[in-house]
Amino acid sequence: MMGRQIQWRHSLLSGLKITKIKCNRREGSPLPSILKLRNKKRKAEGCLPYKCLPERDDCIMELTDIGTIKKLLDRHGFSFSKALGQNFLIASWVPERIAEESGVNKNDCVLEIGPGVGCLTQQLSYGAGKVVAVELDKRLPPLLAESLADCDNVEIISGDILKTDISQLVNDRFCGLNPKVCANLPYNITSPILTTLIETKLFETITVMVQKEVALRMCAKAGTSDYGAFTVFVNYYTEPEILFHVPPGCFMPQPKVTSSVITLKRRDTIPWDIKDEKLFFRVVKASFAQRRKTLVNGLSAGFSNLTKDDIKNIIESCGYEPNIRGETLDIPGFAKLANAIYDHAN
């Protein structure tokens, strides 16, 4: 269900039905988070800032306010699902900063996964040309129809993102706009979702909130305990950067872990000379399958067509010691090894 989008440009204010200006804020007290965001946009447009929000028929919901959230959930008979890993943000600065760091603009269509009550969706709608939010929980679309009634550039799709044809979704729903991803991902399926999104190669940037340990894994250096096959995969296709951390107290209910917001910028060209991409990732997977084993043993298990002597000779031909472990190789190192295996087979 689509509602009306709030237009805050000075030239369009005459189109709003404003009965009076009402402001309950005491002089010197902080501005509401939404108003601060609106004033930031007005400043960029050369307009004077608002001192308060105009009272209107369709009010803006403060979707990180605990009282507002509880009333909204009660009206819809909603209870949190542990199985779906539902934790809703209650700190306004978090969705504001995520939306700002994502860099979305009116030329972009944003794919959001798991919008919850819509606090991030709302912030994204102010900057993006369109937001397409995919929600697995079938109880939430009616709730979102109420919470996002002021955002007519938001489309809610009920479905499982892991069972969705993302290419078709982009073709059908993104209106030719530049595809980006921005989401507070469900923590129990973070890796499969990111893998699916990255493999499409459709999104210029993917800005998501994940568990801190997952963010550290994506940005880990070779030879560290966080470094693994997923690290190589993410860094092969994108350039990851951790933007900021979010403490557990910013959520309801409160999770047991710290979260991190990370952005993945798509590599338009792969900077490494790799002869066979599938073989490259097969080498990476085999190398990390048995972390405490040497690279010889790992590759032996993954390449049954090669003898241990073959593998040892290939490793040494790359300039590595025969007892080296796979987790010490960076992407250029894996590229060299994969190309050597390719040459041996051809």
Side-chain angles (χ1 to χ4, degrees), residues 33-34 36-37 40-41 44 63-64 85 87-116 118-128 131-133 161 178-198 200-221 224 226-228 230-252 254-268:
S33 58
I34 291 177
K36 287 191 290 185
L37 188 64
K40 181 178 179 180
K41 290 183 178 296
L63 296 175
T64 54
N87 303 91
F88 296 163
L89 284 164
I90 56 172
S92 61
W93 69 269
V94 180
E96 288 175 12
R97 187 169 174 190
I98 293 173
E100 182 177 358
E101 295 276 9
S102 71
V104 300
N105 58 52
K106 294 299 181 184
N107 296 317
D108 301 325
C109 182
V110 182
L111 172 63
E112 185 188 9
I113 299 154
C119 66
L120 178 57
T121 322
Q122 184 186 64
Q123 298 297 325
L124 290 170
S125 74
Y126 298 142
V131 181
V132 175
I161 192 65
N178 182 38
K180 291 183 178 179
V181 174
C182 189
N184 174 13
L185 292 182
Y187 291 172
N188 54 341
I189 51 172
T190 296
S191 295
I193 289 176
L194 285 176
T195 300
T196 299
L197 294 173
I198 291 171
T200 67
K201 302 178 183 178
L202 291 172
F203 302 100
E204 179 183 329
T205 59
I206 299 173
T207 305
V208 290
M209 181 153 59
V210 299
Q211 287 187 27
K212 182 179 178 181
E213 64 180 48
V214 177
L216 292 175
R217 273 202 294 140
M218 286 191 273
C219 296
K221 301 298 183 183
T224 63
D226 290 325
Y227 187 68
F230 189 59
T231 315
V232 175
F233 169 79
V234 170
N235 283 265
Y236 182 86
Y237 288 113
T238 73
E239 297 177 78
E241 179 188 359
I242 295 176
L243 301 175
F244 59 95
H245 303 299
V246 182
C250 293
F251 298 88
M252 179 183 76
Q254 192 171 134
K256 296 179 180 179
V257 297
T258 297
S259 304
S260 297
V261 176
I262 185 170
T263 188
L264 311 175
K265 183 180 179 182
R266 181 185 63 204
R267 293 187 189 273
D268 291 326

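Given the structure is predicted, the values throughout are model-derived calculations rather than measurements.
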Determine whether L111 and L197 satisfy the following criterion, side chain to side chain contact (heavy atoms under 4.5 Å, CB included), listing intermediate values before the conclusion.
CA-CA 10 Å; L111 172 63; L197 294 173; 3.9 Å; yes
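- For the side chain to side chain contact (heavy atoms under 4.5 Å, CB included) test with C109, the passing option among N178, V131, V104, V132 is V132; the others fail.
- We find the CZ-OH distance between R267 and Y237 to be 12.0 Å, quoted to the nearest 0.5 Å.
- Between the side chain of N105 and the main chain of N107, a donor-acceptor pair closer than 3.5 Å is present.
- Between W93 and F244, the angle of the ring planes lies from 30° to 60°, which puts this pair in the tilted group.
- Annotation: the span from E241 atom CD to T207 atom OG1 amounts to 10.0 Å, rounded to 0.5 Å.
- Within the 4.5 Å cutoff, the side chain of I193 has no heavy atoms near those of the V208 side chain.
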L120 and L89: side chain to side chain contact (heavy atoms under 4.5 Å, CB included), yes or no, with the steps?
CA-CA 9 Å; L120 178 57; L89 284 164; 5.5 Å; no
Going through the checks in order, is the side chain to side chain contact (heavy atoms under 4.5 Å, CB included) test met by R217 and S191?
CA-CA 11 Å; R217 273 202 294 140; S191 295; 3.8 Å; yes
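- In this structure the side chain of T231 never reaches within 4.5 angstrom of the side chain of D226, judged on heavy atoms.
- Between K212 and H245 there is a side-chain heavy-atom pair separated by less than 4.5 Å.
- M209 contributes atom CE, which lies 9.5 Å from atom SG of C182 (distance to the nearest 0.5 angstrom).
- Considering all non-hydrogen atoms of both residues, R266 and K201 come closest at NH1-O, 3.4 Å.
- Residues I198 and L264 form a side-chain contact, since some pair of their non-hydrogen atoms from C-beta on lies under 4.5 Å apart.
- The distance from atom CD of Q211 to atom CG of N188, rounded to the nearest 0.5 Å, is 9.0 Å.
- The two atoms that bring S102 and L124 nearest to each other are OG-CD2, 4.0 Å, heavy atoms only.
- Taking both residues in full, the closest heavy atoms of S260 and I242 are given as CB-CG2, 4.5 Å, listed atom of the first, atom of the second, then distance.
- Rounding to the nearest 0.5 Å gives a distance of 7.5 Å between OG1 of T190 and CE of M218.
- Residues E213 and V257 fail the side-chain proximity criterion, which asks for heavy atoms closer than 4.5 Å.
- T64 is not listed as a side-chain neighbour of E96, based on a closest heavy-atom distance of 4.5 Å or more.
- Of all the heavy atoms in I262 and C219, the pair that sits closest is CD1-SG, 3.7 Å.
- Closest non-hydrogen pair, C119 versus P95, comes out as O-CB, 4.0 Å.
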Is there a side chain to side chain contact (heavy atoms under 4.5 Å, CB included) between T121 and L63 once you walk through the steps?
CA-CA 10 Å; T121 322; L63 296 175; over 6 Å; no
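- In plain terms, the two heavy atoms of N184 and F251 that are nearest each other are ND2-CE2, 4.1 Å.
- Between F233 and F230, the angle of the ring planes stays under 30°, which puts this pair in the parallel group of the 30/60° scheme.
- One distance of note links OG of S259 with CG of L185; it measures 10.5 Å at 0.5 Å rounding.
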